[in-house]
There are 2 protein chains.
Amino acid sequence: MLRAGVALADDVGIDGFTMRTLATELGVVPMALYKHVANKQELLDGMVDLVWSEVIEPRAERGWRRAMRERSVSLRDALERHRWAVGLMEAHGRPGPENLRQHNAMMGCLRKSGFSFRTTVHVTSTLDAYVYGFALQQKTLSFETPEESAEAAAATQRDIPPEAAMLYPHLLEVVSELARSGYDYDEEFVVGLDLILDGVDVLRSDWRQEPAD
Amino acid sequence: MLRAGVALADDVGIDGFTMRTLATELGVVPMALYKHVANKQELLDGMVDLVWSEVIEPRAERGWRRAMRERSVSLRDALERHRWAVGLMEAHGRPGPENLRQHNAMMGCLRKSGFSFRTTVHVTSTLDAYVYGFALQQKTLSFETPEESAEAAAATQRDIPPEAAMLYPHLLEVVSELARSGYDYDEEFVVGLDLILDGVDVLRSDWRQEPAD
DNA sequence: ACCTGAACACCGTTCAAGT
DNA sequence: ACCTGAACACCGTTCAAGT
């Protein structure tokens, strides 16, 4: 049932996802759903945790940097497959078991790699925030592939009102450049990710200086 | 009217924010709102842009790093004052004028500071993603102040089921540590922010090596 | 005891009926 | 022409009425 919920939300988006449409999709009467979940929020929580189950665990043996990179890419992939999920992370509900398992592995990997308690929290928080935010940004923007994005940028550039060119010269300049060269979400994501991992490296060596932690 | 919408959303959250409650708040009949706005989405878009208007523009004269830092903190502050806003960034609607003004200033500041086109986009994208994601994370977590969070962590630790201690040992370890020392969102945010800015520094010097760009 | 369909209290929005 | 209130098509959820 949770699986059917995820599939439906993938298809129709979160707005089209209602108790009633899910019920008809499953070929049951709407109230039948309430035999398995207390309310819609609990259903959504379960679906979000199912998305978490798709994220690979970081493996410390491969080195902290590669492990963090792989798991961040994996999380981003999951959020890309299920665009509705990132908007639901806000759920005040308790984190599900898959979420806990995932973050336990994250903490374990960093601690084993010699990070202090505090730094472990910092790194986890920063990486998660970046992945969430990137997924949110991508959901906002409309175009999909590099080609599409180049075309979209070109179109935007074409019908820019003359006064906008005066108001937003630098923005226009960048849009023009993107129209030429295209915009690739995958590449954009990993550049930012590697940038953050560079920053983690700096943080790590800083903390190394203070053995007290 | 947009201002009243922002105030109401601040008060009651996005779930309690309906056309009808806003109308009664303003002392008018619900349909009167449709004289000023085509539909609810357009109203929300306007409200989001009002939030953007609270964000300070980066000023290149202060140096790119300080400028980026100040504007990121300012954006995060705005999203903290208006918790509902980050969940609405997803709106597929066109970005508002304040949003455009803001990003124009961002691009201008970075370009003037000697960043290449590509790097300017990378830095903007990464910083925005981090701030969005951090705001989203903070909205998810329940506690507010360092003291509250320490208490919450302690409570969580107290009533952890015995099997959870086995399943999530590393998570438990970190929660225990947080129970001791507390958790400060403000500090957490700036640590991650400075970490990213360190990474930007690395990226910047790398690109410097390739004058072609 | 269990299932179920009508019903409730909402929502955003339409639209005809008043002025 | 403008305003407005009833009405429409939905929603999540309750609950009594059937089996």
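Below, read A as the first sequence line, B as the second, and so on, with proteins coming before strands; counting in each chain starts at 1. Predicted model, so just to flag it, every value in this text is computed and none were measured.
Partners of A/D186 under the salt bridge (charged side-chain N to carboxylate O under 4.0 Å, His left out) rule, at least two apart in sequence or in another chain, are A/R76. B/F189 meets the ring-ring contact (aromatic ring centres under 6.0 Å, His included) test with B/Y130, B/F134; sequence neighbours excluded. Annotation: side-chain contact (heavy atoms from CB on, under 4.5 Å) contacts of A/L100 (sequence neighbours excluded): A/P95, B/Y168, B/L171. Evaluation of the salt bridge (charged side-chain N to carboxylate O under 4.0 Å, His left out) rule for B/E187 yields no partner, not counting sequence neighbours. In this structure, B/H170 has no ring-ring contact (aromatic ring centres under 6.0 Å, His included) partners at least two apart in sequence or on a different chain. Residues satisfying the salt bridge (charged side-chain N to carboxylate O under 4.0 Å, His left out) criterion with B/D194, sequence neighbours excluded, are B/R69.
Between C/dC8 and D/dG18, the two P atoms lie 16 Å apart (nearest whole Å). For the C1' atoms, the distance linking D/dG12 with C/dT14 amounts to 23 Å, nearest Å.
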Shorter than 3.5 Å, N or O on both sides, protein versus nucleotides 13-19 of chain D: list them out with atom names.
from   : atom 1 : to    : atom 2 : distance (Å)
D/dT13 : OP2    : A/Y34 : OH     : 2.6
D/dT13 : OP2    : A/K40 : N      : 3.0
D/dT13 : O5'    : A/Y34 : OH     : 3.4

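Straight-line distance from the NZ atom of A/K35 to the C1' atom of C/dA1: 10 Å, rounded to whole Å. In this structure, B/F17 places its CZ atom 16 Å from C1' of C/dC10, rounding to the nearest Å. Regarding B/L33, its CG atom lies at a distance of 14 Å from the C1' atom of C/dC11, rounded to whole Å. A/L22 has its CG atom 18 Å from the P atom of D/dC10, to the nearest Å. Residue B/D15 contributes atom CG, which lies 15 Å from atom C1' of C/dG12 at whole-angstrom precision.
Judged by distance alone, the side chain of A/T119 and the main-chain N or O of A/F115 form no donor-acceptor pair under 3.5 Å.
Where A/T18 and B/A32 each meet DNA chain D at their nearest nucleotide, the meeting point lying more 5' is that of B/A32.
Every pair passing salt bridge (Lys or Arg N to Asp or Glu O under 4.0 Å) that includes a residue from residues 48-68 of chain A is listed here, sequence neighbours excluded: A/E54-A/R81, A/E57-A/R101, A/R59-A/E61, A/R62-A/E70, A/R65-A/D198, A/R65-A/D201.
Listed by first residue number, the stems of DNA chain C with at least three Watson-Crick or G-U pairs below 3.5 Å are C:4-8 with D:12-16, C:12-16 with D:4-8.
B/Q137 and A/A129 get closest at one heavy-atom pair: OE1-CB, 3.7 Å.
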